[in-house]
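Whatever order the structure lists ligands and atoms in, that order sets their numbers, starting from 1. These values consider heavy atoms only, across backbone and side chains, with no hydrogens, waters or symmetry-generated copies. All figures in this text were calculated on a predicted structure; none of them were measured in a lab.
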Amino acid sequence: VMASMAHLQKEKLRLQEELLELQEKFAARENDKLSLSLQLQDQVETLKEKLLEQAQEISRLRSELGGTDAEKHRDLLAAENERLRQEMKACEGELRELRRQQQAPCRDCPHLQENAGLQEQLSQLQREAEETRAKLVELDLEVQQKTNRLAEVELRLKDSLAERAEEEERLSRRLRDSQETIASLKSQPQQIKYIIKTVEVESTKAKQALCETQSRNQYLQEQVGMQKQVLKEMEQQLQSSQKTEAQLRAQIMMYEAELERAHGQMLEEMQAMEEEKNRAIEEAFSRAQVEMKAVHENLAGVRTNLLTLQPALRTLTHDYNSLKRQVRDFPLLLQETLRSARAEISQAIEEVHSTNRELLRKYRRELQLRKKCHNELVRLKGNIRVFGRVRPITKEDGEGPEAANAVTFDADDDAVLYLLHKGKQVSFELDKVFPPQASQEEVFQEVQALVTSCIDGYNVCIFAYGQTGAGKTYTMEGTAANPGINQRALQLLFSEVRGKAADWDYTITVSAAEIYNEALRDLLGKEPQEKLEIKLCPDGSGQLYVPGLTEFRVQSVEDINKVFEFGHVKRVTECTNLNEHSSRSHALLIVTVRGLDRSTGLRTTGKLNLVDLAGSERVGRSGAEGSRLREAQHINKSLSALGDVIYALRSRQGHVPFRNSKLTYLLQDSLSGDSKTLMMVQVSPAEKNTSETLCSLKFAERVRSVELGPVSRKAELGSWPSQEHLEGDSPGSAAPPGRGHASPSPGQLSSRSASIRRKLHTSG
Ligand code: ADP
Ligand code: MG
């Protein structure tokens with residue numbers, strides 16, 4: 001019902017708007033009419049002026065012509081004019097009335113009334129024009145009569161002139177007779193004298209009379225002249241009045257035409273407006289009818305709805321009343337509930353707090369325990385592990401017996417490898433051996449535990465050791481399609497860090513450096529030629545740092561690739577022969593993982609050092625000279641120093657000779673303490689490389705054969721064998737001469753560590 005009511009209301013509003021629009025249209029039309037009537041009034045005004053002029057002209061004519069019959073006519077005309085003027089005034093009054101009516105609100109179709117009034121006015125004006133025309137005709141007639149009369153006057157004047165001429169003639173004749181009589185009388189003396197006297201008297205009288213007659217004659221002639229003059233002027237006036245009359249007539253015609261036109265226009269407009277109005281009214285009416293019908297229908301529907309809704313309304317009212325009651329009671333209920341809920345919640349919070357505290361305590365304890373276990377495990381496992389990796393035979397190895405395979409493996413033990421050297425098979429046992437077919441993925445699987453321990457705050461070193469071409473760079477860097485440990489380690493770090501992101505904030509930064517001829521250089525810095533120094537931290541922590549070493553923060557694999565690319569480009573532009581250069585320098589990738597446990601505030605810093613060492617091949621002392629010799633000496637020295645340090649660490653010596661080379665000095669904090677080290681010894685299986693392979697494997701075995709424990713710690717051991725020593729060693733008798741009695745034999749050592757490793761393996 002409400003919806004239909006609202007709809008009806010809307011419809012009503014719409015209709016009202018339409019009505020308003022129509023009213024506006026009507027108002028516009030009224031304005032048009034007003035302007036039209038104003039125009040008409042102007043025309044009437046001008047007509048009036050012209051009529052006034054005409055009247056003045058007529059009065060002027062009348063004053064000039066004097067009081068004749070024509071004058072009477074003119075008087076009549078003037079009266080007529082006066083009447084016309086009054087009519088005009090009446091017209092004006094009507095017009096004013098009309099305008100007033102127009103200004104008044106439109107009621108009972110005022111256009112029609114107005115139209116009728118205007119038409120009436122028009123007809124009146126037409127009638128007046130007709131009358132004026134008739135009057136003009138009359139005036140014409142009068143003028144004709146006047147001319148006739150003038151002609152008569154002229155004739156009369158002529159007659160009187162003729163009479164005067166006759167009189168003169170008569171008088172002159174009498175004069176002549178008298179003179180004759182005088183002459184005859186003169187001849188009769190006395191009588192004659194008397195007569196003459198009388199005659200003389202008479203003649204003077206006659207002369208006097210003549211004179212009088214002559215003067216009168218003159219006067220008459222003057223009179224005639226004057227009359228002629230007046231006549232001429234009158235003729236002229238008549239002509240001018242005729243002209244004015246013609247002009248007036250033309251003007252009247254013009255006005256009539258204009259009036260006709262205006263009337264026609266007005267009629268047309270009125271008709272158009274009328275039509276439009278009728279149309280609008282019809283439309284509105286039909287629309288209103290349709291709407292009314294719809295409304296009626298709606299109303300009927302609404303009524304039936306109302307009838308059906310009434311019971312529903314009753315139930316609703318009932319419901320509403322009950323709801324109202326409920327709502328009235330609701331705040332109290334709510335307060336009650338809120339109070340109890342609050343109490344419950346605070347209790348729950350308290351409980352959660354205490355549980356949290358307990359959990360945190362337990363967590364911290366567990367963390368410590370884990371670290372302890374880890375350290376124990378590391379201690380048992382040895383924190384220095386040695387892996388071997390044999391690369392496949394490649395095209396570069398050539399063909400023939402030189403390129404024959406000299407390395408074989410034990411099918412049951414993945415820690416053993418056999419090398420055929422000079423016809424003898426020598427066996428080596430490492431922590432793990434990767435055969436040529438081992439993939440990068442497999443290699444990394446063995447390494448990843450070390451990498452992740454970096455997140456827990458441990459320092460890790462992974463070295464690739466071996467002769468040039470044995471696969472060090474392949475293992476560390478790999479190829480674009482098959483990346484090595486470097487990239488995989490960083491990827492693993494990213495994913496691990498992401499997994500712990502809920503509790504920990506981690507930042508991972510990378511630096512890349514190179515040690516060549518005992519000089520440390522930044523591979524990511526702006527000045528790669530600059531030699532960097534390793535310095536002790538001024539904070540007294542005993543930590544080392546490299547001032548000026550560039551660190552890049554990395555967050556994605558793309559970032560790592562950019563950093564590697566950058567470092568590689570630097571290295572390529574710096575060296576004329578990168579392969580040679582890289583085989584004689586140590587390349588370091590230093591990844592630092594800094595973490596913050598948001599809940600405990602615990603901070604960890606772990607460093608992962610990924611080192612691609614210089615080629616371990618021995619340079620014949622005789623052949624090498626100058627820079628090549630110097631390089632070889634440096635490499636020899638640093639690799640020996642690395643061996644020394646690892647040896648010293650494994651045998652828990654009091655003094656670890658870190659400072660003997662830049663490499664060990666730089667990695668000091670990543671090699672000591674509970675740090676973890678992995679030595680990946682790379683070997684070539686080719687027959688021609690067996691002697692270098694032998695050396696490398698000996699080095700590997702020695703690194704891992706150093707036993708941990710109180711006995712070896714106590715033992716006073718000599719220095720790690722130098723490269724020269726290794727060179728001189730024969731397979732199977734690898735014990736360095738300086739190691740003395742305290743050192744167990746390699747065989748014993750390897751079997752013991754292997755048993756430990758196996759134990760760990762089986763215990764998981
Ligand atoms: P290094 O860095 O020790 O001098 P490289 O890593 O440059 O040696 O390896 C020498 C060649 O042997 C390269 O062409 C490399 O692709 C190839 N190579 C090394 N190890 C492997 C392997 N495990 N699988 C396939 N190719 C290898
Ligand atoms: Mg290399």
Do the side-chain N and O atoms of Asp522 and Thr550 include a donor-acceptor pair separated by under 3.5 angstrom?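 Note: Asp522 and Thr550 side chains meet the donor-acceptor criterion.
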Taking the side chain as every heavy atom from C-beta outward, state whether [X] and [Y] have any pair of such atoms under 4.5 Å apart.
{"X": "Phe428", "Y": "Val681", "result": "no"}
{"X": "Val563", "Y": "Leu524", "result": "yes"}
{"X": "Leu663", "Y": "Val611", "result": "yes"}

Above 12 or not: heavy atoms from other molecules or residues under 6.0 Å from CD of Glu527?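 Counting neighbours around CD of Glu527, 12 or fewer heavy atoms of other residues, nucleotides or ligands fall under 6.0 Å, so no.
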More than 12 non-hydrogen atoms from neighbouring residues, nucleotides or ligands closer than 6.0 Å to CD on Glu402, yes or no?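 No, CD of Glu402 has 12 or fewer neighbouring heavy atoms, counting only those of other groups under 6.0 Å.
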Pull up every protein N/O/S atom sitting under 2.8 Å from the Mg ion (ligand 2), skipping waters.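 You should have found Thr473 OG1.
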Would you call Arg521 and Glu514 a salt bridge, taking side-chain N to carboxylate O under 4.0 Å as the test?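 Judged by the 4.0 Å cut-off on N to carboxylate O distance, Arg521 and Glu514 do form a salt bridge.
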Hey, what do you get for CG (Leu532) to CG (Leu666), rounding to the nearest 0.5 Å?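 Going from CG on Leu532 over to CG on Leu666, the span is 10.0 Å.
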Compute both the distance and the angle, then confirm whether Lys500 meets the cation-pi test with Tyr506: under 6.0 Å from the six-membered ring centre, within 45 degrees of the axis.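 Verdict for Tyr506: no cation-pi partner in Lys500.
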With a 4.0 angstrom cut-off on heavy atoms, strictly below it, pick out the residues next to ligand 1 and order them by chain and number.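 If the criterion is a heavy atom under 4.0 Å, then ligand 1 touches Arg389, Arg391, Pro392, Gln467, Thr468, Gly469, Ala470, Gly471, Lys472, Thr473, Tyr474.
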